[in-house]
Amino acid sequence: MWPHLSIHALLVVIVTFSPVPAATQSENDVTGEDIYPPLWDLAPGNLLDFPVKDNKIVINAWNYQDRLGVYKSLLSASAKYFDAFGPHNSGNILWGLPLQHGWQFRTGRLADPSGVTSCGYENGEPLCQSVRSWWSCMNYYLSIIPFLGAVEAGLFGQLPYEIEILSPEEQKDDFCYSVKDCWSRMPKLMDDWKAFFEYLLSTEHKAVSSASLSSFKLDDALGLMWKAHTSSIAYALPMFHDRLKYLSDPEANFGEDWADAVDFIAATHFKTDLLTTNNFQAFLPHRMLVEGDVLPSISDFSPEQNKVLVSLRVLHKVNKITGGLLLKIWQKAMSTEAGRRIGRELIEGLPSSQKLELLDLIEI
């Protein structure tokens, strides 16, 4: 029985979920190279490491290394707020974004799925991110938009130059390229990301004025970050629906399933620090899905990988069948810190052989 629930609802959903490997990493592993996104050491470490042209910091958002550099700059600028949560900035909850992007790069999801160009392919332009890639376009709203929200909030202080984001060669109207441009086109989304970074800044100001070490509350920060994260996906999802046509049916289904599942994960204020995120995404597909991949028996996937994909498919289908009721019930159950703690424990700790009885004769 979930805490603080009151009105009757009858819904039984069994979801097999296995996000955590048998041997998870510990805080002693935070210096291992394999836990960082590919090419992390080669990405720009701060904004002044990017090229400067005509008094503007120029960022090519369609180059994997540049987009990774945007994340690296965010992590560096926000590191001091997360000192208490792990060594070497490992407790920073922004790690979820570059780690997910690194998985997309490593598994070939940022390359041109139409095959018309060599963008993203080893024998062509390996660091190129294709504007035809559904994953790359969706990620733009989880990289450049948070970054510009942080710039507007003042996370980087007073910058000596303006920021210029280069546009892709096609579909230019699907994106914005500056704080002013993005603010005029998607004010609520920019507001959500700005609010998260303003919260970080406010805790520093409060700590100084009160002479305390910190007024930072991790659950509050996670709530604001996940609100902005889900807003980004909600904004981008209908815009890039046409990009799904370039994907196989199994891959397109997986993309939509994953986007839907984020709402459930977000409701728990899931901790997206370095180690937790690595452990969580360990069983995501190691390649793109192709025609002929049939769940739950994809031969070159582990049993855990197959189970995760089945879980996401079931979650998406049931939520759709119920008109979103499943998500509403879950969000209600996660409306208290106690409920969210239980939700996180379920996601993090279930052995791969067990089943998660997500909702069973719940009263809400």
Side-chain angles (χ1 to χ4, degrees), residues 43-78 94 97-98 100-101 104-105 109-112 117 119-120 125 127-198 225 228-243:
N46 63 69
L47 292 184
L48 296 182
D49 289 338
F50 286 95
V52 175
K53 184 179 180 181
D54 298 329
N55 285 321
K56 292 181 180 179
I57 296 171
V58 180
I59 299 173
N60 181 3
W62 302 97
N63 175 281
Y64 169 73
Q65 211 160 301
D66 270 24
R67 205 180 285 195
L68 202 61
V70 165
Y71 285 132
K72 201 169 182 179
S73 298
L74 282 172
L75 278 155
S76 177
S78 60
L94 288 172
L97 297 173
Q100 179 72 180
H101 194 49
Q104 294 165 353
F105 175 77
R109 288 178 162 84
L110 304 178
D112 182 356
T117 72
C119 180
E125 304 170 81
L127 297 181
C128 175
Q129 294 197 195
S130 175
V131 74
R132 299 183 184 184
S133 162
W134 180 84
W135 294 94
S136 182
C137 291
M138 291 292 293
N139 177 265
Y140 190 96
Y141 284 81
L142 288 167
S143 54
I144 301 304
I145 305 304
F147 167 68
L148 293 176
V151 170
E152 178 68 4
L155 183 70
F156 300 101
Q158 189 67 38
L159 292 172
Y161 307 105
E162 293 182 28
I163 304 288
E164 179 182 4
I165 309 294
L166 298 183
S167 63
E169 294 182 359
E170 54 184 291
Q171 307 292 337
K172 296 181 180 181
D173 291 343
D174 289 343
F175 310 96
C176 60
Y177 306 100
S178 68
V179 170
K180 184 178 179 181
D181 183 22
C182 296
W183 207 273
S184 67
R185 295 171 59 177
M186 52 200 77
K188 183 185 181 303
L189 181 53
M190 286 289 287
D191 263 338
D192 285 346
W193 280 109
K194 183 184 178 185
F196 166 66
F197 290 108
E198 283 183 334
M225 187 205 68
H229 190 121
T230 54
S231 292
S232 281
I233 291 178
Y235 185 91
L237 202 54
M239 183 182 300
F240 299 120
H241 187 266
D242 67 319
R243 305 300 202 277

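All residue numbers refer to positions in the sequence shown, counting from 1.
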Which pair of heavy atoms, one from Ser231 and one from Lys188, lies closest together, and at what distance? OG-NZ, 3.8 Å
So how far is it from Asp173 CG to Arg185 CZ, rounded to the nearest 0.5 Å? 6.5 Å
When you measure from the side chain of Ser133 to the backbone N and O of Arg109, does any donor-acceptor pair fall under 3.5 Å? yes
May I ask you to test the Ser178-Lys180 pair for a side-chain heavy-atom distance under 4.5 Å? yes
Decide yes or no for Arg67 and Trp62: does some side-chain heavy atom of the first lie under 4.5 Å from some side-chain heavy atom of the second? yes
If I take atom NZ from residue Lys72 and atom CG from residue Asp49, how far apart are they, to the nearest 0.5 angstrom? 8.5 Å
With His101 as partner, the option from Tyr64, Tyr140, Trp135 fulfilling ring pair (Phe, Tyr, Trp, His ring centres under 6.0 Å) is Tyr64
Distance-minimising heavy-atom pair for Phe175 and Asp181: O-OD2, 4.4 Å
Once you round to the nearest 0.5 Å, how far does CD1 of Ile57 lie from CG of Leu47? 5.0 Å
Validation row: Ile145, Met190 side chains within 4.5 angstrom (heavy atoms): yes
Considering only heavy atoms from C-beta outward, does the side chain of Trp183 approach that of Asp191 to under 4.5 Å? yes
Walk me through it: do Leu127 and Phe105 pass the test side chain to side chain contact (heavy atoms under 4.5 Å, CB included)? CA-CA 9 Å; Leu127 297 181; Phe105 175 77; 4.2 Å; yes
Taking the side chain as everything from C-beta on, heavy atoms only, tell me whether Trp134 gets closer than 4.5 Å to Leu237. yes
Tell me, please, which residues at least two apart from Cys128 pass side chain to side chain contact (heavy atoms under 4.5 Å, CB included). Cys119, Glu125
Considering all heavy atoms of both residues, which atom of Leu148 and which atom of Val179 are nearest to each other, and what is their separation? O-CG2, 3.7 Å
Say whether, by atom type as modelled, one donor and one acceptor occur between the side chain of Asn63 and the main chain of Gln65 under 3.5 angstrom. yes
How far apart are the closest heavy atoms of Met239 and Tyr141, and which atoms are they? SD-OH, 3.7 Å
Derivation and outcome, ring-ring contact (aromatic ring centres under 6.0 Å, His included), residues Phe147 and Phe156: CA-CA 10 Å; Phe147 167 68; Phe156 300 101; 5.6 Å; yes
Other residues, nucleotides, ligands: >12 heavy atoms within 6.0 Å of Glu169 CD: no
Got Tyr161 and Phe50 here, is their nearest side-chain heavy-atom distance under 4.5 Å? no
Would Trp193 and Ser232 count as having a side-chain donor-acceptor pair, cut-off 3.5 Å? yes
Results of side-chain hydrogen bond (donor to acceptor under 3.5 Å, both in side chains) for Tyr71 - residues two or more places apart only: Asn139
I'd like to check the side-chain hydrogen bond (donor to acceptor under 3.5 Å, both in side chains) partners of Arg243; sequence neighbours left out, ordered by chain and number. Asp174
Would you give the length of the straight line joining atom CZ of Arg132 to atom CG of Asp112, rounded to the nearest 0.5 angstrom? 5.5 Å
Rounded to the nearest 0.5 Å, what's the gap from CD on Glu162 to CG on Asp54? Could you check? 10.5 Å
Looking at every non-hydrogen atom in both residues, tell me the closest pair between Ala111 and Ser130 and how far apart they are. C-CB, 3.7 Å
So do the side chains of Leu155 and Leu74 get within less than 4.5 Å of each other, counting heavy atoms only? yes
To check you understand the geometry: which heavy-atom pair defines the closest contact between Val70 and Ser143, and what is its length? CG1-O, 3.9 Å
